[in-house]
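In what follows, residues are counted from 1 in the order of the sequence shown.
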Amino acid sequence: MTTLAPLIAGLGTGLSLIVAIGSQNAFVLRQGLRREHVLPVVLVCALSDLVLVAAGVAGLGVLVSNAPVLLAVVRWGGAAFLLVLAVQAARRALRPATLEAAGGGLRMSVGAAVGTALALTWLNPHVYLDTVLLLGSLAAAYGESGRWVFGAGAGIASIVWFTTLGFGARVLAPVFARPVAWRVLDGGIALVMAVLAVVLVVR
């Protein structure tokens with residue numbers, strides 16, 4: 001197995017999980033539109049994701065590598081979950097929404113902005129299922145040598161996404177306000193998820 005394969009898989013999976021309409025992305029976009037504490041907010045979101053990815057790769061990777069039966073369960077369970085996410089993304093593509101972030105309102109202090117970013121990240125139950133459990137199980141399928149490369153790809157995806165969303169908000173906002181953009185994006189996410197589900201099972 002080449003080093004590039006798990007890296008690309010991690011990058012694609014990370015982007016597929018993180019690029020979706022949600023409160024965290026809306027908040028980062030809002031701060032970017034207002035040009036208000038963008039760097040601290042982006043750092044909090046990206047670093048939090050890196051910690052969660054590392055926890056998933058380290059914890060589940062070690063656990064399943066020593067339990068072949070558990071690895072099989074994780075693979076099939078992960079594949080089923082990926083298919084569910086693929087169906088959800090396909091439904092979003094058929095009924096696209098828009099990502100809106102109000103540019104008005106009172107200015108936030110840097111502490112309030114960081115606190116909000118932390119809350120939106122760590123108090124979201126889906127982040128533990130997606131980032132820790134799912135990414136951890138997918139990474140474990142690449143074995144001891146490849147799971148951290150997979151995790152690095154997922155981490156790069158988080159850094160690239162939050163940096164682009166925060167600092168490129170002025171450019172990206174009109175694009176994200178168009179339902180057709182999310183139709184294309186969610187369609188691509190559905191395809192990636194479905195392919196990853198198949199790969200996870202047939203490996």
Side-chain angles (χ1 to χ4, degrees), residues 10-53 56 81-82 84-108 110-135 153-193 196:
L11 183 65
T13 306
L15 286 174
S16 298
L17 290 173
I18 200 171
V19 180
I21 296 176
S23 57
Q24 185 190 51
N25 283 337
F27 179 70
V28 175
L29 181 62
R30 173 189 182 277
Q31 296 305 109
L33 289 172
R34 294 168 59 89
R35 298 179 183 177
E36 185 178 281
H37 314 307
V38 179
L39 180 59
V41 168
V42 168
L43 285 175
V44 165
C45 293
L47 291 176
S48 294
D49 256 26
L50 291 178
V51 171
L52 290 164
V53 168
F81 185 58
L82 283 169
V84 170
L85 293 178
V87 171
Q88 292 176 344
R91 287 178 176 174
R92 292 197 304 268
L94 294 175
R95 295 188 297 273
T98 59
L99 179 57
E100 300 177 356
L106 299 175
R107 289 184 59 85
M108 302 179 70
V110 63
V114 168
T116 301
L118 286 170
L120 291 175
T121 301
W122 292 93
L123 297 182
N124 177 12
H126 292 288
V127 75
Y128 300 101
L129 184 61
D130 295 349
T131 309
V132 178
L133 183 58
L134 180 57
L135 283 179
I156 291 172
S158 294
I159 294 172
V160 170
W161 171 249
F162 286 119
T163 301
T164 302
L165 186 61
F167 291 100
R170 295 282 178 173
V171 176
L172 295 174
V175 176
F176 288 155
R178 300 170 58 190
V180 66
W182 287 101
R183 185 187 298 273
V184 173
L185 186 59
D186 281 321
I189 289 174
L191 180 61
V192 169
M193 292 291 187
L196 286 171

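Annotation: side chain of His37 is not in contact with side chain of Val114 (no heavy-atom distance under 4.5 Å). With contacts defined as side-chain heavy-atom distances shorter than 4.5 Å, the pair Leu47/Ile159 does not qualify. A 4.5 Å side-chain heavy-atom check between Leu17 and Thr131 finds every atom pair outside the cut-off. Annotation: side chain of Leu43 is not in contact with side chain of Phe162 (no heavy-atom distance under 4.5 Å).
Taking each heavy atom of Ala90 and Ala190 in turn, the nearest pair found is N-CB, 3.8 Å. Taking every heavy atom of both residues into account, Val28 and Cys45 meet most closely at CG2-SG, 3.8 Å.
Going from atom CD1 of Ile18 over to atom OG of Ser158 covers 4.0 Å, rounded to the nearest 0.5 Å. Atoms CG and CZ, on Leu29 and Arg170 in that order, are 10.0 Å from each other to the nearest 0.5 Å. Note that CZ of Phe27 is 11.5 Å distant from CG of Leu165, once rounded to the nearest 0.5 Å. Ile156 contributes atom CD1, which lies 10.0 Å from atom CG of Leu15 (distance to the nearest 0.5 angstrom).
Looking at Glu36, its side chain never comes within 3.5 Å of a backbone N or O of Gln31 through a donor-acceptor pair.
For Val38, the side chain to side chain contact (heavy atoms under 4.5 Å, CB included) test picks out Val42, Phe167, with sequence neighbours left out. Applying the side chain to side chain donor-acceptor pair (under 3.5 Å) test to Ser48 and every residue at least two apart in sequence or in another chain returns Trp122.
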Before you tell me yes or no, could you show the steps for Trp161 and Asn25 under side chain to side chain donor-acceptor pair (under 3.5 Å), namely the whole-Å CA-CA distance, both residues' side-chain angles and the distance that decides it to 0.1 Å? CA-CA 9 Å; Trp161 171 249; Asn25 283 337; 2.9 Å; yes
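The one candidate from Leu52, Val51, Val53 that meets the side-chain contact (heavy atoms from CB on, under 4.5 Å) condition with Val132 is Leu52.
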